There are 2 protein chains.
Amino acid sequence: MMNRIEKPATTTMKEVAQEAGVSIAAVSKVLHGKGPNIRVSEARAEVIREAAKKLRYQPNGLARSLRMSRTHTIGLIWENMADIGDGPLYYMYLLDGVASELFRKHYRLTILPEIPHSSTISSLSDGRLDGVIWCKMPDLPGIRDQLSHSSLNVVGLNTQATHSLCPMITCDNEHGSGLVVDHLVELGHRNIAFAQDWGSEDTPDLITRYDGYRKALQRHEIPFTENLLFRCDKHKPEVEGWLTRNQGITAIYAWYEGLAGKIMASAQDAGYQIPRDLSIVGFDSTLYCDTLSPKLTAIRQPIREMAQAAARTLMDLIEGQAPDKTSYIFPCTLDVRESSSHPAHSRAPESQRRGNLL
Amino acid sequence: MMNRIEKPATTTMKEVAQEAGVSIAAVSKVLHGKGPNIRVSEARAEVIREAAKKLRYQPNGLARSLRMSRTHTIGLIWENMADIGDGPLYYMYLLDGVASELFRKHYRLTILPEIPHSSTISSLSDGRLDGVIWCKMPDLPGIRDQLSHSSLNVVGLNTQATHSLCPMITCDNEHGSGLVVDHLVELGHRNIAFAQDWGSEDTPDLITRYDGYRKALQRHEIPFTENLLFRCDKHKPEVEGWLTRNQGITAIYAWYEGLAGKIMASAQDAGYQIPRDLSIVGFDSTLYCDTLSPKLTAIRQPIREMAQAAARTLMDLIEGQAPDKTSYIFPCTLDVRESSSHPAHSRAPESQRRGNLL
DNA sequence: CTGAAAGCGCTAACAC
DNA sequence: GTGTTAGCGCTTTCAG
């Protein structure tokens, strides 16, 4: 049994005022000097400062926040926090970007637990947060409704919704998917599958990445058929079965790097050589991609910069400066690594190096 | 120019009371039902709930916290947040551990900006936090002083200090270092250097790891000399110069994996083959170690579990249950990967496979 | 210059 | 059962 350490009671302004023999108002003015109406003589000011130091006075942030309706704290909502330690460094960069920007302006960052979408925003508008950054905010009617009924400042990150109820920061997913398809087509692939996991249907990133994939296929005049869509369990994608049911697939584009990794592992377990038998490309080029063997070719999004932009936009919003842009789209690039190459048994030799037309 | 969306004012209990035609106290009781003194008839309760729903009433957390002196929010202090996106996954696991545990009990997590040690604790005792988890808390007199003068609940993580002013969670660094030395000695190494970067002197982990290294050397009857200590710049360690000045070194043990990575890169740049010419071992076995080539042999600490323990201990402390243990030490294990092997020019063949005595 | 006083929104005695 | 009341610690008018 640990004998509880003496926890000294905390000092209030009132006590400081008493000690200094002045009014509470004077203490407030001197210590947090704002109101232009209250001037205090240097002499008294000094006495007050002394008293404060002597009593180890520490202003109470709650009281202040309550009074000012400002907490200088912003919240971060992200989906599937549970996966966080699971590989994808995405969250780290995101966090670093948000935090670095916030801290520069003396804001604090609160990580929020996952909350059912149905009550997310309203449950957050309890005065403790000046605003929130919502990663992967889904574009759902319920959310739209909350957004318009809430007084909370929100900015979406990695979100591109159909409304403009809040500023949104995202990367050019569509173009990113285009880069992937271009890359694969150029290598000689024609049967390029798109992989997604069950349960991510509402994720805006997935939607736009898929869109971009479809459009890119079209651009290359490659017809899309349902069997190119590989919907799987993110924990154990049954690649082998699917691949044998869908002969001819030579490349898989997974909508995020973690899924790509799982797919690669599953394929390898089944005896596939990557990239000889199957090329795999993912989205989100991070250190994780380098841990795979072969290393994963992937699209890089400037997540740290995006996160910073989100933080900056939110702070502007909070401080009353309507941001000039209501949405930012950051460019993506392709990091070619080892998991993509020419298809081994190129099916139609004549189409091998000439992916563009016919 | 974005036309600012109508931000509906927030509803207070008073308004709900008016709408329902009851007293504020009744509303409080019904909506957050605590005080056993106030009973409300089911009829009125219903009316109140209706009114609240109609007005989209959302209790104000600040007011509540102020009143109750409880915020259900805990803070996380970690050093060099700046390095966070830089490779080491350590922070991710840490964060995941803390957050998962906290969220289970409906606490929030606030990430704090780095603050000068001189004022850390006092500046945090402003009522907004119920407690903090302090990673790598240094064992400094200033800190000790603050700890005893503050009313804030603190638990240290990855810290082992000489006082018991707060509970501390750490891993068995000393034993970890022992594992490293044992491993290297068993491989035939005798000249094993310890690497640390400038500026980390106060970090408790470094200190105990170094201690463990010294003791292990002693255990193997290998004399320690100053030239076995490689003090370097963490951004660009000048391995080559140091190695030529200190002939005979066949292995380097870096006190954290990021440094090990840098050292490896630097050595490779200078033409060294790892592990043929030089074995390298680090602390903190994470995904990062797998991204290196060769993959880094490293000590694994159960950081996620440690973080959870820290969170749990802190919550217990906050909730008034003095934790039964004032400190926890978690065991470490060694993950042997590719960066360690027999020394190429084993100096004393007779000592090669018989590291224990003589 | 200075201090009294009115709250910010909520909880919990306490009296009815 | 119910409402009145006294704050939590701070900021800020406003009258002196």
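Since the structure is predicted, the reported quantities are computational estimates derived from the model, not experimental observations. Just so it is clear: chains get the letters A, B, ... in the order the sequence lines come, proteins before strands, and each one is counted from 1.
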Residue whose closest nucleotide on DNA chain D lies nearer the 5' end, S41(B) versus S69(B): S41(B)

Do S151(A) and S125(A) have a side chain donor and acceptor closer than 3.5 Å? no

What is the distance, rounded to the nearest whole Å, between atom CD1 of I24(B) and atom P of dG1(D)? 22 Å

Give the rounded distance in Å between these two atoms: CG of L55(A) and C1' of dG9(D). 15 Å

Got a donor-acceptor contact below 3.5 angstrom from the T159(A) side chain to the G156(A) backbone? no

Could you tell me whether the phosphate oxygens of dG3(D), OP1 or OP2, come under 4.0 Å of any side-chain nitrogen or oxygen in R39(B)? no

Measure CD1/I48(B) against P/dG1(D) and give the value in whole Å, please. 13 Å

In this structure, how many angstroms lie between the C1' atom of dG7(D) and the CE atom of M13(A), rounded? 16 Å

Are the side chains of W78(B) and L112(B) in contact, using a 4.5 Å heavy-atom criterion? no

Choosing from dC10(C), dA12(C), dG3(C), which nucleotide comes nearest the side chain of M68(B)? dA12(C)

May I ask you to list the residues of residues 56-64 of chain A, by number, that have any heavy atom positioned under 4.0 Å from an atom of DNA chain D? Y57(A), P59(A), N60(A), A63(A), R64(A)

Could I get the full list of side chain to side chain donor-acceptor pair (under 3.5 Å) partners for Y57(A), not counting sequence neighbours? none

Taking only the side-chain nitrogens and oxygens of T12(B), find out if one of them lies under 4.0 Å from OP1 or OP2 of dG9(C). no

Decide whether S65(B) and T71(B) meet the rule of one side-chain donor and one side-chain acceptor closer than 3.5 Å. no

Mind checking what makes salt bridge (charged side-chain N to carboxylate O under 4.0 Å, His left out) contact with K54(A), not counting sequence neighbours? E19(A)

Counting only side-chain heavy atoms from C-beta out, which of dG3(C), dG9(D), dA12(C) sits nearest to L66(A)? dG9(D)

For E46(B), check salt bridge (charged side-chain N to carboxylate O under 4.0 Å, His left out) against everything at least two apart and list the hits. R49(B)

note: H32(A), atom NE2; dC10(D), atom P; distance rounded to Å ~ 6 Å

Quick check on contacts: within residues 122-131 of chain A, what sits under 4.0 Å from DNA chain C by heavy-atom distance? none

Considering only residues two or more places apart or on different chains, which pairs with a residue in residues 137-158 of chain B satisfy salt bridge (charged side-chain N to carboxylate O under 4.0 Å, His left out)? R56(A)-D145(B), D139(B)-R144(B)

Expressed in angstrom and rounded to an integer, what is the separation of K14(B) atom NZ from dC10(C) atom P? 11 Å

Roughly how many Å is it from CD in Q18(B) to C1' in dG3(D), rounded to a whole number? 14 Å

With side-chain contact (heavy atoms from CB on, under 4.5 Å) as the test, pick out the partner of L76(B) among V132(B), T110(B), I111(B). I111(B)

Options dA12(C), dC10(D), dG3(C), nucleotide nearest the side-chain atoms of V22(A): dG3(C)

